Amino acid sequence: MEAVEAMDAADPLQHFRDEFVLRDGLIYLDGNSLGALPKATLERIQQTVLQEWGQGLITSWTEAEWIEAPRRIGDKIAQLIGAEAGEVVACDSTSVNIFKALSAALSLKSDRTVMLTEAGNFPTDGYMMQGLAKFGGAAYEFKAVPRDRLFDALNDDVAVLLLTHVHYKTAAMHDMAEVTRRAHDAGALVVWDLSHSTGAVEVDLNGANADFAVGCGYKYLNGGPGAPAFLYAAKRHHHAQPILSGWFGHARPFGFEEDYEAAAGIDRFQCGTPPILGMAALESGVDQILRADPAAVRQKSIGLVELLIKEMEPLCKEFGFDLSSPTNPTQLGSHVAYSHPNAYAMVQALKARDVIGDFRTPDTIRFGITPLYLRFTDMVEAARRLRLVCEQREWERAEYQTLAAVT
Ligand SMILES: *Cc1c(COP(=O)(O)O)cnc(C)c1O
């Protein structure tokens with residue numbers, strides 16, 4: 001344990017932990033699903049509600065620069081994902097942004113009909129593709145193939161490939177530059193879902209020659225429950241037309257013209273009025289993570305993951321946990337997944353010991369690793385508490401056997 005304490009003492013990111021509301025004793029391993037609350041966000045929200053809304057009322061759209069929030073926050077997120085200013089906009093949910101990015105990509109490939117993804121991708125990604133495939137007389141086809149058959153499936157019919165960079169269950173990470181190159185060679189465009197990447201692993205969209213990307217505001221960006229998401233479109237695709245042609249994507253929203261004319265640049269990917277309270281919380285989270293050195297974040301994430309995997313090794317042998325994440329750090333995102341026949345009950349029993357992870361059906365336990373507020377000692381302590389849950393068979397309790405509405 002002394003060696004592990006020394007790792008915490010030498011951690012260049014250790015001071016960030018105090019910037020979060022986290023109660024003593026809690027080990028929060030679910031920041032990949034809902035990030036913790038930054039203390040600065042409390043102040044920011046209070047300011048936005050009491051001053052900007054309460055006092056400023058409608059004048060705050062200009063005076064408090066609400067109107068610029070989607071672009072301003074987009075430019076900040078751009079710095080985290082290897083994009084330029086003017087290529088990212090903060091808006092809508094990840095699901096809606098997937099729809100917009102896909103429809104824009106399809107509009108650029110009008111001679112092709114297939115939307116391709118990998119089997120087992122995050123459900124909303126597949127659902128949005130399935131919805132689009134049924135739209136407008138079923139002009140498009142949805143196709144999902146296993147990960148190792150993706151390159152073979154890239155034929156002349158594929159218009160767009162949609163992939164999640166870091167897999168939501170296993171944390172397996174795609175080689176973004178290589179996959180993008182292969183898709184382009186086959187004449188297809190790529191939409192990257194960065195939900196489990198942004199703020200956790202280094203991403204270089206323009207370095208990878210990416211086309212479109214989307215990502216989540218409430219995971220590693222700590223933007224709060226249901227925070228606005230973001231959309232990236234490479235500059236060369238800014239003439240593409242997303243189907244959702246709302247007034248905030250118009251060239252002159254306050255011209256109140258009868259006919260739609262898309263705004264130049266990334267603004268055409270906005271749709272309706274931005275949710276300012278959510279935007280304020282998101283910006284606070286993004287401002288915080290921008291103060292952390294991305295290389296240090298990544299290095300610490302790998303260190304925490306490796307330590308947790310090491311601490312879990314004896315539990316795997318004794319109690320039947322099975323690691324489902326890759327161990328090579330170049331192929332791994334920032335969470336660790338195990339399968340276990342009693343996964344759901346284990347996660348519940350662990351919560352009673354103040355370790356919060358999550359369960360993904362049918363048998364996955366996920367431990368999210370957030371370098372800004374986790375410590376190396378937390379990895380050792382989490383494994384110690386899980387051992388108690390197993391040894392004392394705490395997961396067998398009746399109340400842990402029925403699934404809750406949100407897992
Ligand atoms: C979390 C997540 C989403 C979330 O989509 P919402 O529209 O915010 O509900 C989408 N895709 C992936 C890969 C995710 O991990």
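Since this is a predicted model, take the numbers as computed values, not measurements. Numbering of ligands and ligand atoms starts at 1, following listing order.
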*Just jot down the side chain to side chain donor-acceptor pair (under 3.5 Å) partners of D125, sequence neighbours excluded, or say none.*
none

*Which residues pass the side chain to side chain donor-acceptor pair (under 3.5 Å) test with D293, sequence neighbours left out?*
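None.
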
*Would you sort out whether T164 and N121 count as a side chain to side chain donor-acceptor pair (under 3.5 Å), showing the intermediate values?*
CA-CA 7 Å; T164 300; N121 192 357; 2.6 Å; yes

*If you look at every heavy atom in I243 and S103, which pair is closest and at what distance?*
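Closest pair (atom of I243, atom of S103, distance): N-OG, 3.2 Å.
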
*Heavy atoms only: give me the nearest A337-T170 pair and the separation to one decimal.*
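Taking every non-hydrogen atom into account, CB-CA, 4.3 Å.
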
Using residues 144-151 as the side-chain source, report each donor-acceptor pair under 3.5 Å to any protein atom, sequence neighbours left out, with the distance given to one decimal.
| from | atom 1 | to | atom 2 | distance (Å) |
| --- | --- | --- | --- | --- |
| R147 | NE | E118 | OE1 | 3.0 |
| R147 | NH2 | E118 | OE2 | 3.1 |
| R147 | NH2 | H174 | NE2 | 3.2 |

*asked:* If the criterion is any heavy atom closer than 4.0 Å to an atom of ligand 1, which residues make the list?
replied: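 Near ligand 1, by chain and number: S93, T94, S95, F122, T124, D125, T164, D193, S195, H196, Y218, K219.
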
